[in-house]
Protein chains: 2
Amino acid sequence: MLTANRQVHLGNLAVAGVPLAPFPGAQPVMHFSQDSTLYEEGDDATCYYRVVSGLVRTCRFSQDGRRHIDAFYKPGDVFGFEPGATYRFTAEAVTDCTVIPCRRRGAEEPEVQYLYSCAMEHLARAQAHAQLLGRGGAAQRMAGFLLEISVHKQAGVLELPMTRQDIADYLGLTIETVSRTLAQLQKLRAIRLLAARRIEITSRAMLQELCG
Amino acid sequence: MLTANRQVHLGNLAVAGVPLAPFPGAQPVMHFSQDSTLYEEGDDATCYYRVVSGLVRTCRFSQDGRRHIDAFYKPGDVFGFEPGATYRFTAEAVTDCTVIPCRRRGAEEPEVQYLYSCAMEHLARAQAHAQLLGRGGAAQRMAGFLLEISVHKQAGVLELPMTRQDIADYLGLTIETVSRTLAQLQKLRAIRLLAARRIEITSRAMLQELCG
DNA sequence: CGAATGGTTGATTGTGATCAATTCCCGTGG
DNA sequence: CCACGGGAATTGATCACAATCAACCATTCG
């Protein structure tokens, strides 16, 4: 088992001990296994989802075969709502995961109120992502990514649920560059590579300085 | 005069002849001259705005001095609403422009309904921007940019209100690369450079193929 | 044990950044 | 009208960084 979010209690909808806001119109939970597809780009956007456990990615493919990862969603995050009638991204399970689907209804209250806050949350993330990609260097992007996924983590040790390819496609780099850049950050004493998927952040300050 | 949106009628709030949706809580219009600042990152986000005429950019500076342009807003677009209490970007006038400010009120109906659709619109744009920046080549980014700003334009000739530096900061490139890439696209017969700020799109299909 | 997958490391190439002149475009003033 | 000046844009030469191509290593699984 890659992920181990043992604190999930479906009964009261709490993740890691933190109770979640009510999720209007929730349906029974669904399980997906690693690398399976939750929905595909172009499908009718009948539902949006909240992640209960595991990690989900939304992505899209260019016609030259390159994959662009739009975002990662961790427990508590909501994804899959759309301005239009169809999904603009494909959603896939990075790890085995559990999600709560929720039928889209015709923009009633208080659903809109809730969705609005979600949309703003997503907006901020997408803008941050664009800024990350606009920044020149691989080190800057990598530093930004590490800070992004380690936010809300007080402990210095990160478990990365995603592969190097996932990271590369999220940062607009190649796996080789991701690997080299991590090695380089380790040489700078900003991080320590405990294992391929385990990273200790030894100097958050240095990462922040790197990504500006 | 750089911009010439002569069809603006303030009386009935129409832009280029197309009537705009009502703008709840609108205040008297404001004018800003080229390169002036509408608000700065960190200011209290008291208002959001709709562009009546001209072009507005939202941007942010990294501590190494590099500028990242988040988005351009043209007549009819709404910008400046925020998840938090302060602006996360600086807004500047690319050209002389006129905007309608609107006080943020405490999330009442039907304001939220309206803001929700704006947020989703912004979200889609920010995601598209991130994807543009994630794509490798300068030609791909440039092609994507040209398609983006020429959408809703049937005529083949584009008037660019922004400088090469603006384009560069939006695409995460340098002005030299922007210039060279445009020249290259011209050699491919995808566009024709009529003047520095006038571009004719001769093959939209080729641009689409380039950016995938 | 061998195959498969994911990750790292090395050598080389290619693309865009950087540094450095020019050229173009406009508005101004003689 | 033309000369001039200044900002914007283009073009050229070189350099740096990440992509690519290619082995190689580590771990897991049959």
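Below, chains carry the letters A, B, ... as their sequence lines are ordered, and counting in each starts from 1. Since we're looking at a predicted model, the values are computed, not measured. All values below come from the heavy atoms of this structure, side chains included, with hydrogens, waters and symmetry mates left out.
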List the atom of A:Cys59, the atom of A:Glu92, and the distance in Å for their closest heavy-atom pair. SG-OE1, 3.8 Å
Can you pull out every salt bridge (charged side-chain N to carboxylate O under 4.0 Å, His left out) where at least one residue sits in residues 141-154 of chain B? Sequence neighbours excluded, please. none
Salt bridge (charged side-chain N to carboxylate O under 4.0 Å, His left out) against B:Glu200, all qualifying residues, sequence neighbours excluded: B:Arg192
Minimum heavy-atom distance between A:Tyr48 and A:Arg103, given as atom pair plus value: CE2-O, 4.3 Å
To the nearest 10 degrees, the angle between the two end axes of the helix from C:dC1-D:dG30 to C:dG30-D:dC1 (five pairs per end) comes to 30°
Can a salt bridge be assigned to the pair A:Asp169 and A:Arg60 using a cut-off of 4.0 Å between side-chain N and carboxylate O? no
Take the protein atom CD of A:Gln165 and the nucleotide atom P of C:dT8, then report the distance between them rounded to whole Å. 13 Å
Can you tell which of C:dT18, C:dT8, D:dA9 lies closest to the side chain of B:Thr163? D:dA9
Near DNA chain D, which residues from residues 132-142 of chain A have a heavy atom under 4.0 Å away? A:Gly137, A:Ala138
Polar atom pairs between nucleotides 21-30 of chain D and protein, under 3.5 Å, N or O only, would you list them?
from	atom 1	to	atom 2	distance (Å)
D:dC21	N4	A:Glu176	OE2	3.1

Holding to ring-ring contact (aromatic ring centres under 6.0 Å, His included), I want the full list of residues that pass it with B:Phe81, two or more places apart in sequence or in another chain. B:His122
Taking only the side-chain heavy atoms of A:Thr177 (C-beta and beyond), determine which of C:dT18, D:dA18, D:dA9 contains the nearest atom. D:dA18
Would you say the side-chain atoms of A:Asp44 pair up with the backbone N or O of A:Thr86, donor to acceptor, closer than 3.5 Å? no
Starting at atom CD1 of B:Ile175, determine the distance to atom P of C:dT23, rounded to an integer number of angstrom. 18 Å
Which of the following nucleotides, D:dA19, D:dA8, C:dG7, is nearest to the side chain of B:Arg197? D:dA8
Specify the separation, in whole Å, of atom CG of A:Leu182 and atom P of C:dT8. 7 Å
Within the 4.5 Å heavy-atom criterion, are A:Asp166 and A:Arg67 side-chain neighbours or not? yes
Please state how far atom CZ in B:Arg198 lies from atom P in C:dC25, giving the value in whole angstrom units. 13 Å
Output the rounded distance in Å from CZ (B:Arg66) to C1' (C:dG16). 11 Å
Less than 4.0 Å between a side-chain N and a carboxylate O, is that true for B:Arg88 and B:Glu41? no
Under 4.0 Å between a side-chain N or O of A:Thr174 and OP1 or OP2 of D:dA19? yes
In this structure, is the centre-to-centre distance between the rings of A:His68 and A:Phe89 below 6.0 Å? no
Working for side chain to side chain contact (heavy atoms under 4.5 Å, CB included), residues A:Gln63 and B:Glu209: CA-CA 8 Å; A:Gln63 56 192 33; B:Glu209 183 171 346; 4.1 Å; yes
Ion pair B:Asp70/B:Arg125, N-O distance below 4.0 Å: no
Nearest-Å distance, CZ (A:Arg164) to P (C:dT5)? 18 Å
Expressed in angstrom and rounded to an integer, what is the separation of A:Lys187 atom NZ from C:dT9 atom C1'? 11 Å
Would you mind telling me which of C:dG7, D:dA9, D:dA19 lies closest to the side-chain atoms of A:Ala196? C:dG7
Can you check the B:Leu194 CG to C:dC24 P distance for me, whole Å? 17 Å
